There are 4 protein chains.
Amino acid sequence: MNNAPNSITDKKQAILDSALSLFVEKGFNATSTASIAKTAGVATGTLFHHFPTKNDIMNQLFLSIKQEFANHMVNSIERCGDIETDANNLWQKAIDWAIAQPLKQLFFLQYSMSADIDTAVRKQAMTSILGFVVDLIEQGKQQGIIADFPSELLLENCHGQYLAAIRFFTDNPHLGDDKIHRNASFKLFWHAMKAQ
Amino acid sequence: MNNAPNSITDKKQAILDSALSLFVEKGFNATSTASIAKTAGVATGTLFHHFPTKNDIMNQLFLSIKQEFANHMVNSIERCGDIETDANNLWQKAIDWAIAQPLKQLFFLQYSMSADIDTAVRKQAMTSILGFVVDLIEQGKQQGIIADFPSELLLENCHGQYLAAIRFFTDNPHLGDDKIHRNASFKLFWHAMKAQ
Amino acid sequence: MNNAPNSITDKKQAILDSALSLFVEKGFNATSTASIAKTAGVATGTLFHHFPTKNDIMNQLFLSIKQEFANHMVNSIERCGDIETDANNLWQKAIDWAIAQPLKQLFFLQYSMSADIDTAVRKQAMTSILGFVVDLIEQGKQQGIIADFPSELLLENCHGQYLAAIRFFTDNPHLGDDKIHRNASFKLFWHAMKAQ
Amino acid sequence: MNNAPNSITDKKQAILDSALSLFVEKGFNATSTASIAKTAGVATGTLFHHFPTKNDIMNQLFLSIKQEFANHMVNSIERCGDIETDANNLWQKAIDWAIAQPLKQLFFLQYSMSADIDTAVRKQAMTSILGFVVDLIEQGKQQGIIADFPSELLLENCHGQYLAAIRFFTDNPHLGDDKIHRNASFKLFWHAMKAQ
DNA sequence: AATGAATGAGGTTTCATTCAT
DNA sequence: GATGAATGAAACCTCATTCAT
């Protein structure tokens, strides 16, 4: 009876895990609920017991991965005073995370702008979950370190450059540890953002 | 009688046009081949006479739009001597094109990284069609004007920033003519690329 | 409540039954999966839940009927000592079976050599299911009662003559009980097989 | 203008040839008119100019091959007085023909009893074209050499044994020249037919 | 909570046939 | 006679979802 007090059922997690790898490998629409259930080792009925809808799987998956990423980032923040150094640390942590989690990284690349995720959900992820990025940008601007461009434009640019960077390291996995490329990817980002 | 001397069948083009607007409006999978044919004013059989597969429509559409964009850009290149000015002109032309072609812009945003387009096709678009960007980058590097970062990384970053910019102007259409934002979007891009 | 303890789902059997009569009446290709499902009183989805493919229906149907025939024959074998009498009994039992099961008989005639059944399946039916015929032929040869011809040739000839006989009785149903024709059909067969 | 006075157009014959090999290789229904036209090197329109219907191709093909076979047989008849020898000669000629024309032989095996050929056409082939077999049987019966069984039954049995024989030699091509098997196949047939 | 047989609307694709050139 | 683009009905099959157990 007293199964470990798992807040999320084993089966539910198994379903999310299977969905992640199948969505990445085959795409959202080419993945049937039946195949997710089979891969997860549960019955179709069980799947729909946990997720009323196929889209719910996608939305929950998207939120949970974005949240996991945000948590990882927030926990990594440690100020040293020099804002460029701080930014570099954060950027490298973000790349590290992506390289360490290839599946989730590919998921980002494919679905960050896809129509398969509800607009509301994507908006929620952007604003509330990635809110810490907004905060950092605001602080940088007030200190005159980050360029005085419209904040929304800066945020979008941030996101765009991050996706570009991890796409590059995805296509060239052997460069994941290369100092030159890692450093260059940050420099590109930072030069764009910083006040001249 | 006097049917225009169509080099590409009228019907084939009509199918591509319909597919573009439907894919953007409803998404690839929510668009049935039947609805494409109906919108194009042809029979389903005709659609499959020109495109063996629904995916072929998508791939050809992607290539033709990328090509159209590349042609537009290449024709817009005019040197004035100052490379930053040249770059700015190009960048603004690219944004103009996106704003003038909302459907194709939205198509880019949704499908540039989607699994609905064959990997080979996307690769082809990047390398052969957008080759002129690569050329520009190489020249800039040789003249010491563009930062000495790995070219592939620079290209990917370029692409990422462009997508971010048009995404911003899509979400905020009223800012499409705003000098401040247009200028800022170029500055972000340029600061990233240029040698410091 | 008390659903019969069906070993093979009722629905699956209903599908096979409907397929049998439709395939015989209209031919394999003129029979749509939709019509099979409708006749069987199930949804199309149910049909494909049990048989992944329309061809699978055909193959399973073929095997099950051949098996049913083989079972009937094996159960009918009863030796009296005189081998010709035994053979006659078997032959008449086989004709009886065909006449009693007009649908299955017609199915044999139409599909025994059709390309609508996988080669592998037809081969399986010939060798493993109709193995008892092979056994009988071998015994007869060893006792010097059946002609010393290559066994494979004998088996094929057996099959061919049986099909010819039931085709004759199908085309002339009123002769099904006629002693002269029934006897002649056996004589033809037996004279071919027996050692002279 | 004065193209060689070919009674049958080259193209029409090309269509029949292509149909023969495709029907044998893929089956009637799995063969599209488009593929027949392509293989024959003509346009679809041309195909339908010569054959109003796909079924017409099949029917004409069936008749022409049966006729060709009948012609070959009739031309081969040469009496020597001994009826068994005559029958043997004919039988071996028939087998020879089948072995020399593997495609047409396979066509016989697949379609001799198929529903893809109109009943009327099959009946016509059986009665008028194969009429010479009927004649031979009648003569043999009157001379007391062939068993006094109902003629229709004898004809059907003949046909059945012939199909069985060529199926055997199809499945075992290396035995096509083997005296033992060739002789045995005739013996089986002849023992069945002859008066005891 | 878990199962998996059942559903049926809807999707993509095929194909015999037509017809204007 | 020859061509091949165009047609549209109809086929096979998929799949998200339900529900009785």
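Every value quoted in this text rests on a predicted model; they were computed, and no experiment measured them. Every chain is numbered from 1, with letters handed out A, B, ... down the list of sequences.
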For C/Ile36 and F/dA10, give me the distance from atom CD1 to atom C1', rounded to whole Å.
15 Å

Could you run through nucleotides 2-8 of chain F and give me one letter per nucleotide, 5' to 3': B if any protein heavy atom sits under 4.0 Å from the base, S if only the sugar-phosphate is that close, - if neither?
SBBBSBB

F/dC12 P sits how many Å from C/Asn29 CG, rounded?
8 Å

Please state how far atom NZ in D/Lys38 lies from atom C1' in E/dA16, giving the value in whole angstrom units.
17 Å

Roughly how many Å is it from CG in A/Asn55 to P in F/dC15, rounded to a whole number?
15 Å

Short side-chain to backbone donor-acceptor contact, C/Ser21 and C/Ser18, under 3.5 Å:
yes

In the structure shown, which nucleotide is the Watson-Crick or G-U wobble counterpart of F/dA20, with both distances under 3.5 Å?
E/dT3

Can you tell me how far P of F/dC12 sits from CZ of C/Phe51, to the nearest Å?
15 Å

Can the ring centres of A/Phe28 and A/Tyr111 be said to be less than 6.0 Å apart?
no

Whole-Å distance separating the NZ atom of C/Lys26 from the P atom of F/dA11:
11 Å

Could you identify the nucleotide paired to F/dC15, looking across every strand shown and requiring Watson-Crick or G-U wobble geometry with both distances under 3.5 Å?
E/dG8

Whole Å only: how far is the CZ atom of B/Phe48 from the P atom of E/dT13?
4 Å

Cation-pi geometry met for A/Lys66 and A/Phe107 (6.0 Å, 45°):
no

Would you say the side-chain atoms of B/Arg122 pair up with the backbone N or O of B/Ser114, donor to acceptor, closer than 3.5 Å?
yes

Any sub-3.5 Å donor-acceptor pair from D/Gln110's side-chain atoms to D/Val24's backbone N or O?
yes

What's the spacing between D/Asn59 CG and D/Ser64 OG if we round to 0.5 Å?
11.0 Å

Using a 4.0 Å heavy-atom cut-off, does D/Ser35 contact any base of the nucleic acid, only the sugar-phosphate backbone, or nothing at all?
nothing

Any donor-acceptor pair under 3.5 Å linking the side chain of C/Thr53 with the backbone of C/Asp56?
no

Between P of E/dA16 and CD1 of D/Ile15, the distance in whole Å:
14 Å

Considering only side-chain heavy atoms of B/Thr33, which listed nucleotide, F/dC12, E/dT13, F/dA16, is closest?
E/dT13

